[in-house]
Amino acid sequence: MIDLAQLRREPEFVKAALARRGVELSTMDEIIGLDAEHRQLLQEAERLRAEVKELSRQVGEARRNNEEDKAEELTSTSRELGDQERMASQRVDAVAQDLREKLLMIPNIPAPDVPDGRDENDNVETRRWWVGMDQGAAFPTYAAHQRVPHWDIGIELGILDLESGAKLAGSMFPLYRGAGARLLRSLGFFALNAHMADYEEIRPPSFALTETMMSTGHLPKSVDDMYAIERDDLWAIPTAEVPLTSMNRDEILEESQLPLRLTAQTACFRREAGAAGRDTRGLLRVHEFDKVELFAYCTPDQAEAAHADILARAEGLLQALGLTYRVLDLCTGDLGTSSARTVDLEVFSPGVDRWLEVSSVSWFRDFQARRANVRYRTAAGTTALVHTVNGSALAWARIWAALVETYRLSDGSVKLPDVLAPYMGDQLTITKKGS
RNA sequence: GGAGGGAUGACAGAGCGGCCGAAUGUACCGGUCUUGAAAACCGGCGUGGGCUUGCCCACCGUGGGUUCAAAUCCCACUCCCUCCGCCA
């Protein structure tokens, strides 16, 4: 949620910044108007309430002095004022709710250096990485045997069974088997081991309350992309960011605890309602995938370094896996609701011949902290909202795809990179059954 | 799922419907004393919001209700603890 006080203080700045993301000026003016109305009504209601309280106090005093007539008179005056106060408060509540609903739909103010743009086509590619690049090697050329899409490799090697997945849960719910399932497990283990020295490992619930989903900004705006378990008023989490952000909801952290860094691997559920029919083949876009998330609560001063650390870790894993990737600076039009700045990592999939998003590293400023009410006590003794930063490292379904394509050999088998040897053991090379 | 008990400030723990935003203790911060420290003593010590910056308002698990007035009474819900049942 954006800062109402800031909107009051510098409305033109906020409006201009949000206009870059396509927020209508009239929407902001409406909010400014509601805020003014709210405060005016609030004053009136509070004035009445103060009077009722004062009269009530006097009633008690009169009773103690056995002044029954006076008490009776004060009571009836107070009763009348009380009725007025109730009505005034109802008006306050109505406006406050309206204001809050509108405010929840407003996205975060983008960082000044976020490039302008309408959609993902305007994202700015800042750099690429591939094996041997630092030694001057040219961008890799992929051989014909690497130009096979992972869904074909999956069937050929018996490690990805999309049909069974569809049979169980519908399309876009993948089922991995054998070495394919083990590869997925290995990737999570590999990443968590890499982070655990500096990030506390968390295993959160896979479902969250509505309130929890609100704190990250996934609700109310993206309702259609979330899986709902209506009977129990729960939602399937779309990312570990949701539980991690709310872990310290309504709490005040000590500045000495910051940055508080957490990591978690969870299943991530996404309905992909707006993407029906797009990129549906194989693992390009699925309803459920595993992802390791890195997360930090920090002070404003620590945010930049925390963001850089997460990005470096995500890149470090991609480099360790020897996958080609590129780094994108997301434009204003493609930024997630809650984010002030996001850097995406896209891995190159030679078999599909496309770049696939496998990480999104975001700085939310205090936008999520304001919703979740996560604060810290400063050295001066005051409280302030924390900044939240998070990023994937990494989302495994697409990594799985890029790995089996990149490391496919001419005989059709897949020889995975050595970093996975501790986890894959004797299955580092995946061959056709019976061959 | 059934029965009972509980939820108050950082923690512990009081609180006949009316000067209760809340006693007291501990912790914490400052001061006196001391060579220093401890002890003792003195003072301070919740979070938000509004505006005329001095005041006002809200918050005692959550949401309703009763009342001139609710931490205190009533109703519903949530969570925690104990016991029973079921169960990976």
Side-chain angles (χ1 to χ4, degrees), chain A residues 1-9 11 31-100 103-104 203-215 229-235 243 246-258 260 267 297 366-386:
Chain A
M1 195 151 64
I2 60 163
D3 182 9
L4 249 187
Q6 184 189 17
L7 179 60
R8 261 177 235 151
R9 220 182 313 115
I31 287 175
I32 291 170
L34 279 172
D35 176 47
E37 188 185 352
H38 175 247
R39 279 181 296 158
Q40 196 197 328
L41 291 171
L42 187 64
Q43 277 180 57
E44 172 67 5
E46 288 191 348
R47 188 184 61 75
L48 285 165
R49 200 169 309 144
E51 258 181 87
V52 170
K53 283 179 71 168
E54 173 58 20
L55 286 170
S56 294
R57 196 189 60 77
Q58 290 177 19
V59 170
E61 197 175 277
R63 283 268 158 76
R64 271 191 298 280
N65 298 335
N66 291 315
E67 299 170 306
E68 273 310 314
D69 292 351
K70 188 178 174 191
E72 206 45 56
E73 193 187 321
L74 289 166
T75 298
S76 67
T77 311
S78 180
R79 193 179 298 150
E80 276 171 41
L81 284 173
D83 288 341
Q84 289 179 39
E85 188 273 334
R86 246 182 298 284
M87 288 190 290
S89 289
Q90 274 171 18
R91 284 196 293 273
V92 173
D93 291 345
V95 174
Q97 197 189 332
D98 193 12
L99 176 62
R100 183 176 161 74
L103 212 49
L104 282 174
R203 176 60 209 232
S206 304
F207 302 137
L209 299 167
T210 299
E211 196 183 348
T212 307
M213 296 288 284
M214 287 273 196
S215 64
I229 295 137
E230 287 181 51
R231 193 166 73 160
D232 296 297
D233 192 28
L234 288 169
W235 304 81
S246 278
M247 250 179 78
N248 289 298
R249 186 164 70 214
D250 294 324
E251 289 184 22
I252 299 175
L253 305 169
E254 293 304 322
E255 186 167 356
S256 59
Q257 290 176 265
L258 305 178
L260 182 56
Y297 296 99
D366 59 11
F367 188 90
Q368 294 180 325
R370 182 168 293 105
R371 290 192 181 200
N373 192 29
V374 183
R375 291 167 295 169
Y376 70 100
R377 198 172 300 282
T378 64
T382 59
T383 58
L385 293 165
V386 300

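Sequence lines set the chain letters: A, B, ... in the order given, protein chains first and strands last, and positions in each chain run from 1.
- Nearest-nucleotide positions on RNA chain B place A:A384 closer to the 5' end than the other of A:A50 and A:A384.
- Rounded to the nearest Å, the gap between the C1' atom of B:rU67 and that of B:rG61 is 23 Å.
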* Output, in order, the C-alpha distance, side-chain angles, deciding distance and verdict of side chain to side chain donor-acceptor pair (under 3.5 Å) for A:Q40 and A:E44. => CA-CA 7 Å; A:Q40 196 197 328; A:E44 172 67 5; over 6 Å; no
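- Both distances falling under 3.5 Å, in either a Watson-Crick or a G-U wobble arrangement, place B:rA10 opposite B:rU26.
- Contacts of A:Q58 with the nucleic acid, taken as non-hydrogen atoms under 4.0 Å apart, are absent.
- A:E73 and A:K70 are not joined by a salt bridge, as no carboxylate oxygen comes within less than 4.0 angstrom of a charged side-chain nitrogen.
- Straight-line distance between the C1' atoms of B:rG13 and B:rG17: roughly 22 Å, to the nearest whole Å.
- In this structure B:rC16 sits in no base pair that meets the Watson-Crick or G-U test at under 3.5 Å.
- Across every strand in view, B:rU34 sits unpaired, with no contact that passes the Watson-Crick or G-U test at under 3.5 angstrom.
- Counting only heavy atoms from C-beta outward, the side chains of A:T210 and A:M213 never approach each other to under 4.5 Å.
- When the P atom of B:rG9 is taken as reference, atom CG of A:D250 falls 14 Å away, rounded to whole Å.
- Between the side chains of A:E80 and A:S76, no donor N or O sits under 3.5 Å from an acceptor N or O.
- In this entry the distance linking CZ of A:R8 with C1' of B:rC51 reads 11 Å, nearest Å.
- Put simply, CG on A:D35 is 11 Å from C1' on B:rG50, counting in whole angstrom units.
- Residue-level contact check: A:R370 touches neither bases nor backbone, having no heavy atom under 4.0 Å from any strand.
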* **Base-contact (B) and sugar-phosphate-only (S) positions in nucleotides 58-72 of chain B, heavy-atom cut-off under 4.0 Å, - elsewhere** => S---------BS---
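- Pairing partner, B:rA88: none, since no Watson-Crick or wobble contact has both distances short of 3.5 Å.
- As the counterpart of B:rG21, no nucleotide is assigned, since no Watson-Crick or G-U wobble pattern has both distances under 3.5 Å.
- With C1' as the reference atom, B:rC73 and B:rU24 are 26 Å apart, rounded to whole Å.
- Rounding to whole angstrom units, CG of residue A:D232 and C1' of B:rC77 are separated by 15 Å.
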* To do: Go through A:E68 and A:R63 one step at a time and tell me if the salt bridge (Lys or Arg N to Asp or Glu O under 4.0 Å) criterion holds.
  => CA-CA 6 Å; A:E68 273 310 314; A:R63 283 268 158 76; 3.4 Å; yes
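- Only the P atoms considered, B:rG18 is 48 Å distant from B:rU34, to the nearest whole Å.
- When distances run from any side-chain atom of A:I252 to the nucleotides B:rU47, B:rG18, B:rG50, the shortest one goes to B:rU47.
- To the nearest angstrom, C1' of B:rC56 lies 10 Å from CG of A:L42.
- For the residue pair A:A45 and A:V92, the shortest heavy atom distance occurs at CB-CG2, 3.9 Å.
- Distance noted for atom C1' between B:rG21 and B:rC56: 14 Å (whole Å).
- In this structure the side chain of A:E211 never reaches within 4.5 angstrom of the side chain of A:M214, judged on heavy atoms.
- Using the Watson-Crick or G-U wobble rule with both distances under 3.5 Å, B:rA71 pairs with nothing in any strand shown.
- Within 4.0 Å (heavy atoms only), A:T383 reaches sugar-phosphate atoms of the nucleic acid but no base atom.
- A:V374 places none of its side-chain heavy atoms less than 4.5 Å from the side chain of A:E251.
- Between A:S89 and A:R49, the closest side-chain pair of non-hydrogen atoms falls below 4.5 Å.
- Here B:rG18 presents its P atom at 17 Å from CD of A:E54, a figure rounded to the nearest Å.
- Atoms CG (A:L48) and P (B:rC51) sit 17 Å apart, rounded to a whole Å.
- Atom CZ of A:R9 and atom P of B:rG50 are 12 Å apart (whole Å).
- Using N1 to N3 plus N6-O4 or O6-N4 for Watson-Crick, or N1-O2 and O6-N3 for G-U wobble, each under 3.5 Å, B:rA58 pairs with B:rU47.
- In terms of phosphate contacts, A:R375 brings a side-chain nitrogen or oxygen within less than 4.0 Å of OP1 or OP2 of B:rG48.
- Taking atom C1' in both B:rA10 and B:rC29, the straight-line distance is 13 Å, to the nearest Å.
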